[in-house]
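Predicted, not measured: the structure shown is a model, and the values here were computed from it.
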Number of protein chains: 2
Amino acid sequence: MLLPLARRRSPSQTPVNHDAIRRRFESFLKTQGLKMTAQRERIFERAFETHDHFSAETLYDWMREEGGPNVSRATVYRTLNLLEDGGFIGSFDTGRGEVVYEHLLGHPHHDHLICVECGRIVEFREERIEALQEDVAERNGFELTSHTLRLMGVCGDCRAATAGGGASETKASARS
Amino acid sequence: MLLPLARRRSPSQTPVNHDAIRRRFESFLKTQGLKMTAQRERIFERAFETHDHFSAETLYDWMREEGGPNVSRATVYRTLNLLEDGGFIGSFDTGRGEVVYEHLLGHPHHDHLICVECGRIVEFREERIEALQEDVAERNGFELTSHTLRLMGVCGDCRAATAGGGASETKASARS
DNA sequence: CTTTCTGCAAACGCTTTGCACATTC
DNA sequence: GAATGTGCAAAGCGTTTGCAGAAAG
């Protein structure tokens, strides 16, 4: 099981200090009395390598496609929950049913625009909305712990494809 | 809980013209080549009677508890989807997993504050957030079709209960 | 060596579906 | 009567879990 050595760390796209994050994961495991295993390492690394959002099933596919220590579906689910509990990744569902994850460290809070045609996810951050949310919560006596803002719509590409006469290529799952 | 006969139509809380909505449902069925059945009627009525949010399973329970034509679980799910497709009800998930419905007609758009302690759902509407969402979408080339904004936090009651020394009564499911 | 993991496959909870019978139009 | 709807139970789907063998500390 040769793990591809220099996969992480491509100098151009290291979002935050990769080693720092990794050390954080190791100490998290330690404090929880958990062990570092080849599987956990693979899953952790893969999750932090991607800037995309991914589902448990997708990550499982990656685990099988890409070489490395065998990782079972159960372990993928278990580790994803572990990472979420540890605050390393966050999850939200895109519309109906599908839950996707994204890594959080070195990734300031943001919300999502989701294309209902092609499923593309765009992240955005709008301070004024954030502030207004606090406002609303306060006015209603709530102390905010988190929030989810999902904007669903049709992205520029899909609008062009539809309008221009071109067929829609990407898997269109317009449901609801 | 003997079902109160004149439940709907209590003059004080009829949100919109009930008959108008109902006619709309009937014509919706007609245009779709669908039939009005006792089951669909019961489900439709029940959904519009409630101001609360409910899950498919909850509605199914209601169907069994309250008297009336028998309604199977399958029909509940089928009809809920039908009503959603027709734009009569909307659905969103409260946090993780649980999908709840709410009727839409005569119920202007709003978003939700959800108490992570007791599950209480408070509706709110904040025009400025709405406007900013349009803004964000436009800036990113999206044409908005819908959105979901869920604010999670601890409601005043629960904060009081926790702080004041009282134990938390309501089922606390603080997960994530 | 003790404790925690992993893989497997079975269990789960919620939702959907296939089919024969019942109902509406 | 022809077409659609319903109930039932079985099938699906994504996720979790129990258990025995495998690793980590």
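Atom CZ in A:R64 sits roughly 13 Å away from atom C1' in C:dG7 (whole-Å rounding). Atom CG in B:L82 sits roughly 16 Å away from atom C1' in C:dT15 (whole-Å rounding). The distance between atom CZ of A:R73 and atom C1' of D:dT16, rounded to the nearest whole Å, is 12 Å. If you take CG of B:L59 and P of C:dT15, they are 12 Å apart, rounded to a whole angstrom. Computed from coordinates, the B:L80 CG to C:dC14 C1' distance equals 13 Å when rounded to whole Å. If you take CG of A:L29 and P of C:dT6, they are 10 Å apart, rounded to a whole angstrom.
Within 4.0 Å of A:R40, counting heavy atoms only, lie sugar-phosphate atoms of the nucleic acid but no base atom.
Screening residues 123-134 of chain B for side-chain hydrogen bond (donor to acceptor under 3.5 Å, both in side chains), with sequence neighbours left out, gives A:R139-B:E126, B:H53-B:E123, B:H107-B:E123, B:H109-B:E130, B:H110-B:E123, B:R125-B:E127, B:E126-B:R128, B:Q133-B:H147. For the salt bridge (charged side-chain N to carboxylate O under 4.0 Å, His left out) condition, the pairs that include at least one residue of residues 25-34 of chain B, sequence neighbours left out, are B:R22-B:E26.
Direction change of the helix axis from one end of the helix from C:dC1-D:dG25 to C:dC25-D:dG1 to the other is 30°, with five pairs defining each end axis (rounded to 10°).
At D:dT4, none of the side-chain N or O atoms of B:Q32 fall inside 4.0 Å of OP1 or OP2 (strictly under the cut-off). Dashed line: the shortest gap from a side-chain N or O of A:N81 to OP1 or OP2 of D:dT16 is under 4.0 Å. Contact check, A:Y77 against D:dT16: no side-chain N or O comes under 4.0 Å of OP1 or OP2.
Two rings, from A:F25 and A:F48, have their centers 6.0 Å or more apart.
A:V122 and A:V154 sit in two unconnected hydrophobic clusters of ILVMFWY residues. Membership requires side-chain heavy atoms under 4.5 Å apart, directly or through other members. Cluster annotation: B:V116 and B:L149 are assigned to distinct hydrophobic clusters (Ile/Leu/Val/Met/Phe/Trp/Tyr, side-chain heavy-atom contacts under 4.5 Å, transitive).
Taking the side chain to side chain donor-acceptor pair (under 3.5 Å) definition, one finds that A:T37 meets it with nothing, sequence neighbours left out. The ring pair (Phe, Tyr, Trp, His ring centres under 6.0 Å) test applied to A:Y60 returns no partner, not counting sequence neighbours.
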With side chain to side chain donor-acceptor pair (under 3.5 Å) as the test, would you mind laying out the steps for B:H18 and B:E49 before giving the verdict? CA-CA 9 Å; B:H18 179 273; B:E49 229 162 73; over 6 Å; no
How does protein reach along nucleotides 18-25 of chain D, written 5' to 3' as B (base within reach of a heavy atom under 4.0 Å), S (only sugar-phosphate), or - (no contact)? B----BBS
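Classified by interplanar angle (parallel below 30°, tilted 30° to 60°, perpendicular above 60°), the ring pair B:F92/B:H112 is parallel.
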